[in-house]
2 protein chains.
Amino acid sequence: MSDMIAPTRGAATLHDVAREAGVSLATASRVLNGSTRKVAESYRERVEAAAEKLGYTANLSAQATARGTSAIVALLVADIADPYFGQLAAGVARGADEAGLVVTIAITERDPQREVRLVRALRGQRPRGLILAASRVEGPDAAGLQGELDAFAGMGGRVVVVGPGGGTERSVAVDNRGGAAALGTELAGLGYRDAIVVAASEGIRTSDDRVAGFTEGFGAAGGSVREVRRTGFTRDAGYAAATELLADGGIAPGTLIFGISDVVAIGIMSAVRDAGRQVGGDIAVAGFDDIATGRDIRPGLTTVRVPLEDLGYRALHAATEPEWDAAEAPLALEVVVRGSTPPRS
Amino acid sequence: MSDMIAPTRGAATLHDVAREAGVSLATASRVLNGSTRKVAESYRERVEAAAEKLGYTANLSAQATARGTSAIVALLVADIADPYFGQLAAGVARGADEAGLVVTIAITERDPQREVRLVRALRGQRPRGLILAASRVEGPDAAGLQGELDAFAGMGGRVVVVGPGGGTERSVAVDNRGGAAALGTELAGLGYRDAIVVAASEGIRTSDDRVAGFTEGFGAAGGSVREVRRTGFTRDAGYAAATELLADGGIAPGTLIFGISDVVAIGIMSAVRDAGRQVGGDIAVAGFDDIATGRDIRPGLTTVRVPLEDLGYRALHAATEPEWDAAEAPLALEVVVRGSTPPRS
DNA sequence: TTGTAAGCGTTATCAG
DNA sequence: CTGATAACGCTTACAA
């Protein structure tokens, strides 16, 4: 004579489980969620059976309000369709899964105002940590952002920025400058002497660092950067910039174009070809990041490999672990030379 | 003599705001969150000022437990680094942002067991909706998954599957069969007669439908599918399959290889080239989806364009809107012929 | 219109 | 070891 499957509207609650098992709320809570086990085996079994039978899953929201802390990590990226962020997000997701955390994601579309708004919205979730993967730490809206971040940190959340560390928050940095310098050196070694850089607008640290590093490395090895063109971080920005360049004054054979990221470089390659020129022996192109596409296009794209997924994975840990050693083994960057920059004899 | 910025540990609570503004909790709640406005202007201002001053943001968890419903939509994808899912996710995120919802994301890694586990975990968040973008609705683990989904639906959540609709849940479908048939017809029209299909394993509806459609269209127009090779949905699977094919019996010039998705097709193209063969006039390759990379490689990849972002956007709406007309204007698919399948005289 | 108070599903502190 | 019971931050009848 016991209950048929109670077709309760709404999910089974802890209360239901406790009743079904004939124990108190507290006991049920202890076996199902609490960490330190101190429940008689017989009770434990009854509770587990009841939970199973009812298909009980703890209500995370309730848990969060009661515990005062959530199991959420928020991730903010510029554009999730961009492979750069996609790989990064994959690393974050993997780490979160391992740690039993849930990832909520939001897209800034590279709009600083939007970014501020999103941080504020995410703050409402009281996430354990907030990973910022696309922020310009400078510029007019920086103050607003910083305000939100401080508020978040003030309420116990941890902010992690991927890229050049802004202020006091933790950061998972990539040695953009060093990597770009190595790339410059390598390419000068291959015989290139004349380069044009297609970068993002000034004030974006990642871009600035790559420009500086490349200029430095390329220059030190005997090359010189003739021009730095400013645009955005997208494939279309690269395409447009290269098209202009090609039209403006033309580009001499043997010139090297360094795109600030692979995505940009791929746009450049397309523009070069659409202009009837050849990528490689004619106009050389290099990028940064080593996204998957760079391996599949022909010629392959010369670039600096950034272990994007690792980066995301580390960011997740930086966002969740109490202890954090900023200086721990830095991510290894590696110059990868492919067909887009053949040796110039 | 009033409070200096109270450096409260933890976030400002509604209570704090109410006290600061000198109104009741209820009033504060009404102006800050409640929908129907019925608060005197003077009070409203005081509350808003207080909230602003304290940097108050509603605690979404508390709100969710109180309201009994959250502002969350959960998204389950196979692999967020895959551009297919990336674009889809972008559409979901855009729709969610417009609707004031938060997206939480989880990665199945194409592991059915994992998928079940994740759905169960996500259920804990009591999301309004759950979007499944990578599920095999068949196979041995299907029962477990279906059980979780039913449980979710039973507690008032809405399940949306992207792709072939499984059972009673809403689905945002792509006409894989029709699109593949159109592709087959088009390619036969270009003069191809002999094709090999590289597909995912049997039982995966998306793959099966594409294979069936292609075989149908290609056959009806005079071509014939010589072989269907089964592997996975990844670039590497495509690469490996093509490499085998090339080694096994060799592939005659003029043969067409249809990869079940662009990602697979791109792997195939790389394999073809690495084997010293040419993509295009020699061995033709076609894909499905039209991911961005297909436009940037040379030759360009012939494919069927699926408006991925729209698909995600629609899925989001299917997951949140009370009314839902399944048959509403189906997504327009379009065959895009590029250089990877030049006309055969 | 505004305030009081009873929940929402869990956790955690105390007595038993 | 177990069970009341008071929080947690917020919403929402129900009164005033």
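Owing to the predicted nature of the structure, the values given are computational and were not obtained by experimental measurement. To find a chain, count down the sequence lines: A is the first, B the second, and so on, and within it residues start at 1.
Every residue two or more places apart in sequence or in another chain was checked for a salt bridge (Lys or Arg N to Asp or Glu O under 4.0 Å) with B:Arg314, and none qualifies. Under the salt bridge (Lys or Arg N to Asp or Glu O under 4.0 Å) criterion, B:Arg117 pairs with A:Asp97, not counting sequence neighbours. Here B:Glu321 pairs with B:His317 under the side-chain contact (heavy atoms from CB on, under 4.5 Å) rule; sequence neighbours left out. Every side-chain contact (heavy atoms from CB on, under 4.5 Å) that B:Glu309 has, sequence neighbours left out, goes to B:Ala90, B:Arg94. Every side-chain contact (heavy atoms from CB on, under 4.5 Å) that B:Ala26 has, sequence neighbours left out, goes to B:Ser24, B:Arg30. Under the rule for a salt bridge (Lys or Arg N to Asp or Glu O under 4.0 Å), the partners of B:Glu148 that lie at least two apart in sequence or sit in another chain are B:Arg120, B:Arg123.
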Counting primed atoms, P, OP1 and OP2 as sugar-phosphate and everything else as base, the B/S/- map of nucleotides 6-16 of chain C against protein heavy atoms under 4.0 Å is -BBBBSB----

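Protein atom CZ of B:Arg46 is 12 Å distant from nucleotide atom C1' of C:dT2, rounded to whole Å. To the nearest angstrom, C1' of D:dG9 lies 15 Å from CG of B:Leu54.
A side-chain donor-acceptor contact under 3.5 Å links A:Gln146 and A:Asp150.
Defining each end axis of the helix from C:dT1-D:dA16 to C:dG16-D:dC1 as the rotation carrying four pairs' C1' atoms onto the next four, with five pairs an end, the two axes are found to diverge by 40° to 10 degrees.
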Give every donor-acceptor pair under 3.5 Å between a side-chain atom in residues 72-79 of chain A and any protein atom, sequence neighbours left out.
{"from": "A:Asp79", "atom 1": "OD1", "to": "A:Ala81", "atom 2": "N", "distance (Å)": "2.9"}

